[in-house]
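Below, chain A is the first sequence line, B the second, and so on; all start at residue 1. Because the structure is predicted, anything quoted here is derived from the model rather than measured. Quick note: numbers below take in every heavy atom, side chains included, and nothing from hydrogens, waters or symmetry partners.
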Amino acid sequence: MEHWMQELAACGERIDYACWDLYAAVSQWYEADERQKAARRQMRLDTLHAIEQGGNETGAIADRIATAVLRRHLETMLRLGIVYDFLPRESEILHLHFWDAAFRLMQETGVIYRETEGKNSGCWVMRRAGTTGPQGDGPDEEAKIIVRSNGTVTYVGKDIAYHLWKFNRLGLDFGYARFHRYPDGHECWISTTKGEEPHPLFGHASTIYNVIDSRQADPQNNVIEALKGMGLADAAQNYHHFSYEMVALTPRCAKELGYTVAPEDEARPYIEVSGRKGFGVKADDLIDKLIAAALAQVESRQPERPTAEREAIARTIAIGALRYYMLRYTRNAVIAFDFHEALSFEGETGPYTQYAAVRAANIFRKAGTTPEAALAAFAGLDAAQWFSGADGDELWALWLLAGKSALVLERAIETTEPAYLARHAFQLAQQFSNFYHRHHILTEADPARKTVLLATAAIARRELIRVLIWLGIDVPDAM
RNA sequence: GGGCGAGUAGCUCAACCGGAUAGAGCACCGGCCUUCUAAGCCGGGGGUUGUGGGUUCGACUCCCGCCUCGCCCGCCA
């Protein structure tokens with residue numbers, strides 16, 4: 001493996017990309033030969049068990065590779081402005097006996113029981129969420145297996161233990177080690193068996209939002225069901241599965257990427273991405289494309305700016321475009337990924353909202369004043385007259401919309417629906433664009449009216465920027 | 001078979017507890033750069049909200065049936 005990693009380094013290939021290809025190749029390999037299928041699947045099972053067990057060469061290799069990919073992952077996410085505080089690892093959940101403690105709790109409370117007959121005979125199972133339990137005399141065939149008959153723990157079992165830790169109901173804690181220091185000094189910690197002291201306090205959650213796609217609804221509900229069964233009603237109540245639909249590729253997009261699309265998939269609106277099939281778009285590739293597209297625009301629009309500044313602007317635009325694209329869809333809409341739409345900077349997009357904010361800033365710059373000064377001047381005015389009549393109503397509509405930001409935020413939180421904020425940002429930008437086209441502020445002859453217009457721009461700009469910050473979208477210096 | 005989600009303009013999506021003429025963007029057509037940046041603005045065409053019933057003064061929204069699509073239901077994670 002060392003040899004492989006050196007080889008990768010020598011030809012400049014990234015480990016995460018190499019693993020993306022390797023994972024797809026290996027997944028195919030499991031199924032490739034009908035006669036070898038069973039043996040190869042057994043090999044996978046044995047390997048996974050060895051990794052779980054730890055203290056062997058397979059485990060050491062897995063750790064090396066996983067850690068290397070993880071470091072790459074942090075770099076990718078940092079490009080989007082996303083940083084981590086703590087990376088809990090499944091291996092510690094087993095090695096630090098989180099599972100053993102959770103298992104005891106589940107047995108004591110009767111959540112889990114040993115099945116003695118039927119297809120799950122020999123397993124520890126729990127009643128699956130949303131089911132009524134055993135029908136008649138027979139065993140509960142719908143039950144969810146938590147411990148396999150060979151004694152290993154399923155994913156949901158480990159997840160239950162993990163969430164007991166999150167809620168501080170386990171009486172156990174991870175060891176903590178420093179893993180990564182971000183450029184701004186922020187530390188990211190990782191779980192380990194023997195940690196360092198002191199370390200920040202993790203866990204002890206009162207409320208949990210699990211941001212996991214909707215396909216995990218059943219496993220997530222089983223975790224909640226287990227918490228309820230253990231008498232942790234408050235924990236179950238404060239456990240939120242922030243469920244969202246998957247990102248898929250349109251057949252057109254798949255072909256653009258060079259994938260062969262099966263005839264039966266041709267007519268479908270979208271095709272599910274799959275790591276096992278090597279079918280998807282890598283985040284770094286998409287970000288690179290977005291930056292290149294933004295840079296081309298910035299170079300033609302801002303030719304006099306230094307290269308470094310242009311690149312910084314392009315990055316801000318690219319991230320704004322990507323964040324808005326991901327957030328504009330409501331959670332239960334499947335995002336049919338489309339390069340044309342993702343790379344678009346016009347219409348309902350992040351760059352449109354950024355552009356409006358940049359234009360607002362330029363108005364104040366050219367006016368030789370600041371939003372704060374404009375609002376202070378406005379405070380000394382008798383405002384009522386300016387908000388009457390058709391013209392005034394239109395101004396008032398913009399103020400009203402700007403004033404709704406906090407309300408929209410509350411609704412977005414209540415419904416765990418960030419798309420409301422994205423939409424609000426767009427509407428604000430749209431109404432502001434409309435406003436500054438209709439009223440030429442700098443050439444307004446009436447000083448009082450000019451003050452009103454500037455104050456309106458100040459409010460719209462302030463609220464737009466505020467909402468964009470909530471969405472994680474920055475406003476560039478120029479566009 | 002069971003569970004969850006979806007079906008709205010050519011395409012991608014909105015529509016808060018049931019409320020006024022179902023809204024945006026893209027695409028298309030036509031205008032607007034000697035005034036704060038045209039990543040923009042204005043105008044236009046485009047809808048039997050899958051379908052059949054029901055409830056209601058009022059239904060994209062609620063109830064029932066049906067059709068279509070996706071996901072989940074593994075001793076994988």
Side-chain angles (χ1 to χ4, degrees), chain A residues 30 41 44-45 48 52 90 115 119-125 128-131 142 144-156 158-159 213-222 243-246 248 250 252 267-272 276 293-294 297-298 300-302 317 320-321 325 328-338 340-342 344-356 358-367 407-408 411-412 414-415 417 419-420 422-423 426-427 429-430 432-444 453-454 457 478-479:
Chain A
Y30 287 126
R41 283 185 177 177
R44 177 175 66 182
L45 203 63
L48 287 169
E52 237 179 49
E90 205 174 296
E115 185 58 83
K119 61 173 185 177
N120 297 335
S121 181
C123 297
W124 287 86
V125 302
R128 189 182 293 274
T131 66
E142 290 182 307
K144 175 67 197 165
I145 295 170
I146 302 299
V147 183
R148 302 184 188 95
S149 56
N150 69 358
T152 58
V153 190
T154 60
Y155 172 69
V156 169
K158 285 178 266 192
D159 217 25
D213 76 77
S214 62
R215 287 171 297 188
Q216 301 281 343
D218 187 52
Q220 288 289 301
N221 284 332
N222 286 325
S243 165
Y244 61 91
E245 266 295 351
M246 61 185 179
T250 61
R252 186 183 80 175
R268 298 171 61 186
Y270 47 78
I271 311 166
E272 187 180 8
R276 290 180 190 184
Q297 294 269 346
V298 175
S300 69
R301 289 159 192 267
Q302 306 287 335
I317 292 169
Y325 181 74
R328 58 177 287 205
Y329 297 94
T330 49
R331 286 184 293 113
N332 54 10
V334 177
I335 300 178
F337 183 84
D338 186 282
H340 180 256
E341 287 191 9
S344 171
F345 299 154
E346 293 167 12
E348 195 189 336
T349 65
Y352 174 91
T353 63
Q354 291 171 316
Y355 183 72
V358 168
R359 291 295 299 270
N362 284 344
I363 289 168
F364 287 101
R365 191 168 45 77
K366 291 228 173 174
L407 221 60
V408 175
R411 196 176 146 230
E414 274 167 27
T415 55
E417 189 54 271
Y420 292 137
R423 185 155 292 271
F426 174 67
Q427 283 175 348
Q430 196 175 41
F432 175 67
S433 299
N434 185 302
F435 158 78
Y436 75 67
H437 271 277
R438 212 184 288 266
H439 308 283
H440 201 270
I441 298 169
L442 294 186
T443 54
E444 174 56 47
L453 294 178
L454 278 170
M479 282 181 84

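Residue-level contact check: Phe364(A) touches neither bases nor backbone, having no heavy atom under 4.0 Å from any strand. Within 4.0 Å of Tyr155(A), counting heavy atoms only, lies at least one base atom of the nucleic acid. Heavy atoms of Thr353(A) sit nowhere under 4.0 angstrom from any nucleic acid atom.
Nearest to the side chain of Arg328(A), among U12(B), A77(B), C71(B), sits U12(B). Residue Lys158(A) has its side chain nearest to A77(B) when only A77(B), C71(B), C75(B) are considered.
Taking Glu348(A) as the reference, Tyr324(A) meet the side chain to side chain donor-acceptor pair (under 3.5 Å) condition, with sequence neighbours excluded. Contacts of Arg438(A) classified as salt bridge (Lys or Arg N to Asp or Glu O under 4.0 Å), with partners at least two apart in sequence or in another chain: Glu394(A). Not counting sequence neighbours, the partners of Arg215(A) by the side chain to side chain donor-acceptor pair (under 3.5 Å) test are Asp213(A), Glu272(A).
Rounded to whole Å, the distance from CZ on Phe426(A) to P on U12(B) is 19 Å. Between the CZ atom of Arg276(A) and the C1' atom of G74(B) there is a distance of 10 Å, given to the nearest Å. Rounded to whole Å, atom P of C72(B) lies 15 Å from atom CG of Asn222(A).
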For nucleotides 36-46 of chain B, print each protein N/O atom paired with a nucleotide N/O atom at under 3.5 Å, atom names and distance only.
from: C36(B); atom 1: O2; to: Leu442(A); atom 2: N; distance (Å): 3.3
from: C36(B); atom 1: N3; to: Ile441(A); atom 2: N; distance (Å): 3.3
from: C36(B); atom 1: N4; to: Tyr436(A); atom 2: O; distance (Å): 2.0
from: C36(B); atom 1: N4; to: His439(A); atom 2: O; distance (Å): 3.1
from: U37(B); atom 1: O2'; to: Tyr355(A); atom 2: OH; distance (Å): 2.0
from: U37(B); atom 1: O2'; to: Arg359(A); atom 2: NH1; distance (Å): 2.8
from: U37(B); atom 1: N3; to: Met479(A); atom 2: O; distance (Å): 2.5
from: U37(B); atom 1: O4; to: Met479(A); atom 2: N; distance (Å): 2.7
from: U37(B); atom 1: O4; to: Met479(A); atom 2: O; distance (Å): 2.6
from: A38(B); atom 1: OP2; to: Arg359(A); atom 2: NH1; distance (Å): 3.1
from: A38(B); atom 1: OP2; to: Arg359(A); atom 2: NH2; distance (Å): 3.3
from: A39(B); atom 1: OP1; to: Arg301(A); atom 2: NH1; distance (Å): 2.6
from: A39(B); atom 1: OP1; to: Tyr355(A); atom 2: OH; distance (Å): 3.4
from: A39(B); atom 1: OP2; to: Arg301(A); atom 2: NH1; distance (Å): 2.3
from: A39(B); atom 1: OP2; to: Arg301(A); atom 2: NH2; distance (Å): 2.3
from: A39(B); atom 1: O5'; to: Arg301(A); atom 2: NH1; distance (Å): 3.3
from: A39(B); atom 1: O4'; to: Arg301(A); atom 2: NH2; distance (Å): 3.2
from: A39(B); atom 1: N7; to: Arg301(A); atom 2: NE; distance (Å): 3.4
from: A39(B); atom 1: N7; to: Arg301(A); atom 2: NH1; distance (Å): 3.1
from: G40(B); atom 1: OP1; to: Gly347(A); atom 2: N; distance (Å): 3.0
from: G40(B); atom 1: O2'; to: His437(A); atom 2: NE2; distance (Å): 2.4
from: C41(B); atom 1: OP1; to: Tyr352(A); atom 2: OH; distance (Å): 2.6
from: C41(B); atom 1: O4'; to: His437(A); atom 2: NE2; distance (Å): 3.3
from: C42(B); atom 1: OP1; to: Asn434(A); atom 2: ND2; distance (Å): 2.6

Between the protein and nucleotides 2-11 of chain B, which nitrogen or oxygen pairs are less than 3.5 angstrom apart?
from: A6(B); atom 1: OP1; to: Asn332(A); atom 2: ND2; distance (Å): 3.0

Requested in this report: Please test Tyr270(A) against Ile335(A) for side chain to side chain contact (heavy atoms under 4.5 Å, CB included), starting from the C-alpha separation and ending with a verdict.
Outcome: CA-CA 9 Å; Tyr270(A) 47 78; Ile335(A) 300 178; over 6 Å; no

Stepwise, does the side chain to side chain contact (heavy atoms under 4.5 Å, CB included) test hold for Arg301(A) with Met479(A)?
CA-CA 7 Å; Arg301(A) 289 159 192 267; Met479(A) 282 181 84; 5.9 Å; no

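Base orientation of C64(B): anti, since the glycosidic angle falls outside 90° of 0. With a glycosidic angle no more than 90° from 0, C33(B) adopts the syn conformation.
Looking at heavy atoms from C-beta onward, Arg423(A) lies out of side-chain contact with Val408(A) at the 4.5 angstrom threshold.
Taking atom P in both A9(B) and C76(B), one finds a spacing of 44 Å when rounded to whole Å. The separation of U21(B) from C67(B), taken at their C1' atoms, amounts to 31 Å, rounded to a whole angstrom. Here, U51(B) and U68(B) have their P atoms 15 Å apart, quoted to the whole Å. Taking the P atoms as reference points, G44(B) lies 24 Å from A39(B), given to the whole Å. As rounded to the nearest Å, C16(B) and A6(B) have P atoms that lie 13 Å from one another. Across the C1' atoms, C60(B) and A15(B) are found 8 Å apart, a figure rounded to whole Å.
In this structure, Tyr352(A) and Phe426(A) have tilted ring planes: the angle between them lies in the 30° to 60° band.
Applying the 3.5 Å distance criterion, the base of C71(B) shares no donor-acceptor pair with the side chain of Ser214(A).
For the pair Arg44(A) and Tyr30(A), the cation sits on the ring face: its NZ or CZ lies under 6.0 Å from the ring centre, inside 45° of the axis.
Atom OG1 of residue Thr154(A) and atom CD1 of residue Ile145(A) lie 8.0 Å apart, to the nearest 0.5 angstrom.
In RNA chain B, runs of at least 3 consecutive Watson-Crick or G-U pairs, each pair with both distances below 3.5 Å, span B:1-7 with B:67-73, B:10-13 with B:23-26, B:28-32 with B:40-44, B:50-54 with B:62-66.
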